[in-house]
2 protein chains.
Amino acid sequence: MRDGSKTRAKIESEALRLFAEKGVAGTSVRDIAAAVGVAEAALYRHFPSKDALSRSLFLEGYARLAADVVAVGETQQPIETKIGQVVDLFCRLFDDNRSLFSFLLLAQHAHLADVPEGREGNVVEAVKNIFTRAIEHGDIRKEDPDLLAALALGIVAQPAIFTIYGRLSGPLIARAPDLTRAIWAAVR
Amino acid sequence: MRDGSKTRAKIESEALRLFAEKGVAGTSVRDIAAAVGVAEAALYRHFPSKDALSRSLFLEGYARLAADVVAVGETQQPIETKIGQVVDLFCRLFDDNRSLFSFLLLAQHAHLADVPEGREGNVVEAVKNIFTRAIEHGDIRKEDPDLLAALALGIVAQPAIFTIYGRLSGPLIARAPDLTRAIWAAVR
DNA sequence: CCTACCGATCGGTAGG
DNA sequence: CCTACCGATCGGTAGG
């Protein structure tokens with residue numbers, strides 16, 4: 001009882017689940033409190049507002065994913081290998097924490113403005129930088145790296161969305177080789 | 001003044017714009033009425049509820065796009081040409097009516113369950129059927145047509161989203177050849 | 001105009 | 001004495 005960290009963790013996981021399912025606007029503080037099993041006022045012991053809770057969840061998840069992508073980008077490997085590793089990263093995030101993946105997808109519009117502009121913290125920038133360097137090294141054709149990033153992200157995101165909607169089934173990691181192949185074909 | 005069709009049309013266009021900008025949950029009936037320049041009660045002369053208005057806008061736009069995709073699919077042309085024509089369809093919808101495009105994108109989750117299951121009314125089904133027939137004719141490799149549809153839709157949708165967010169600029173139709181090329185490379 | 005629900009805040013309490 | 005949590009309630013805004 002003295003340690004609120006368990007309650008805090010449950011607030012985060014239940015809020016993430018509800019936000020991913022019904023959107024932030026569609027989720028009330030009452031919904032979250034009921035799912036956690038505490039009074040509404042208890043939430044305000046841990047987060048100053050619903051919006052701050054949403055923002056905190058987004059920025060934390062987004063920054064971690066971005067850091068993972070940056071780490072792949074900084075290695076000295078062929079671009080094709082890097083693409084495969086980033087695809088695996090996204091697929092595993094989807095399979096292991098679908099709520100977080102969905103939430104990052106749909107909360108982008110609300111919170112992307114809060115993301116620091118530096119290449120470190122931004123997933124799209126991190127993906128784009130991988131392509132920028134590949135172009136500089138002559139490994140892929142010369143093309144707007146923002147467009148290449150869009151193609152790659154779309155090729156991963158849309159199958160993920162189809163899986164959420166039940167149009168595709170099974171873990172996304174099983175499709176990772178297909179997705180890597182598609183990205184490589186689309187950008188080379 | 002006696003003819004309410006002008007008011008109805010303005011309700012539809014203003015609601016579409018606001019729904020696309022701020023989401024359905026983030027848009028109040030008061031917002032819509034203020035944008036149209038009528039009292040809130042006037043909206044209820046034309047639509048029984050906000051949800052019905054949202055559903056009507058979605059189903060109408062979705063059905064029209066689906067019909068256009070079906071029309072391309074039913075022609076006797078090489079698959080590569082069909083892909084190019086469907087890409088043009090999406091790009092032109094985005095450029096000419098971005099509000100509708102954005103709204104269809106973000107309201108899918110809420111209203112996709114209301115779409116009739118038949119191949120006629122469903123955009124994804126229409127795209128999928130084009131690939132299914134191409135596989136039957138041996139024009140592209142044998143692969144889950146749902147996955148191929150996801151790849152193609154992701155390759156168009158993500159650059160559109162990047163354009164909305166300001167990461168890409170200019171009309172999407174200018175990128176149509178690139179997108180067609182990317183889809184063809186990814187699915188062949 | 002009505003009713004339902006929203007986010008947020010209050011003073012109080014109880015385990016440790 | 002501290003603080004995580006509670007029940008009750010606030011003013012405001014929503015759809016209808």
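Letters A, B, ... are given to chains in the order of the sequence lines, protein chains preceding strands, and every chain is numbered from 1.
Rounded to whole Å, the distance from CG on B:Asp51 to C1' on D:dG16 is 13 Å. At whole-Å resolution of the value, NZ in A:Lys22 and C1' in C:dC6 are 13 Å apart. Atom-to-atom, NE2 of A:His46 to C1' of D:dA4 comes out at 6 Å; the value is rounded to the nearest Å. Look at NZ on A:Lys10: it is 18 Å from P on D:dA4, rounded to the nearest Å.
Using modelled atom types and a 3.5 Å distance limit, the side chains of B:Asn129 and B:Thr132 yield no donor-acceptor pair.
With A:Asp31 contributing its side chain and A:Ser28 its backbone, the two residues share a donor-acceptor pair below 3.5 Å. Judged by distance alone, the side chain of B:Arg188 and the main-chain N or O of B:Ile140 form no donor-acceptor pair under 3.5 Å. In terms of modelled atom types and a separation under 3.5 Å, the side chain of B:Ser56 and the main chain of B:Ala52 share no donor-acceptor contact. Between the B:Gln85 side chain and the B:Lys82 main chain, no donor and acceptor come within less than 3.5 Å of each other.
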Whether each nucleotide of nucleotides 7-15 of chain D has a protein heavy atom under 4.0 Å at its base (B), only at its sugar-phosphate (S) or at neither (-) is summarised, 5' to 3', as B------BB
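Salt-bridge formation is not detected for the pair B:Arg133/B:Glu136: no Lys NZ or Arg NE/NH1/NH2 atom is positioned less than 4.0 Å from an Asp or Glu carboxylate oxygen.
In DNA chain C, runs of at least 3 stacked Watson-Crick or G-U pairs (N1-N3 plus N6-O4 or O6-N4, or N1-O2 plus O6-N3, all under 3.5 Å) give these stems: C:1-16 with D:1-16.
Residues B:Leu65 and B:Phe90 have side chains in contact (heavy-atom distance under 4.5 Å, counting atoms from C-beta outward).
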Could you list the donor-acceptor pairs under 3.5 angstrom formed between side-chain atoms of residues 153-175 of chain B and any protein atom two or more places apart in sequence or on another chain?
| unit_1 | atom_1 | unit_2 | atom_2 | d |
| --- | --- | --- | --- | --- |
| B:Thr163 | OG1 | B:Pro159 | O | 2.8 |
| B:Tyr165 | OH | A:His109 | N | 3.3 |
| B:Arg167 | NH1 | A:Glu125 | OE2 | 3.0 |
| B:Arg167 | NH1 | A:Asp146 | OD1 | 3.4 |
| B:Arg175 | NH2 | B:Ser169 | O | 3.2 |

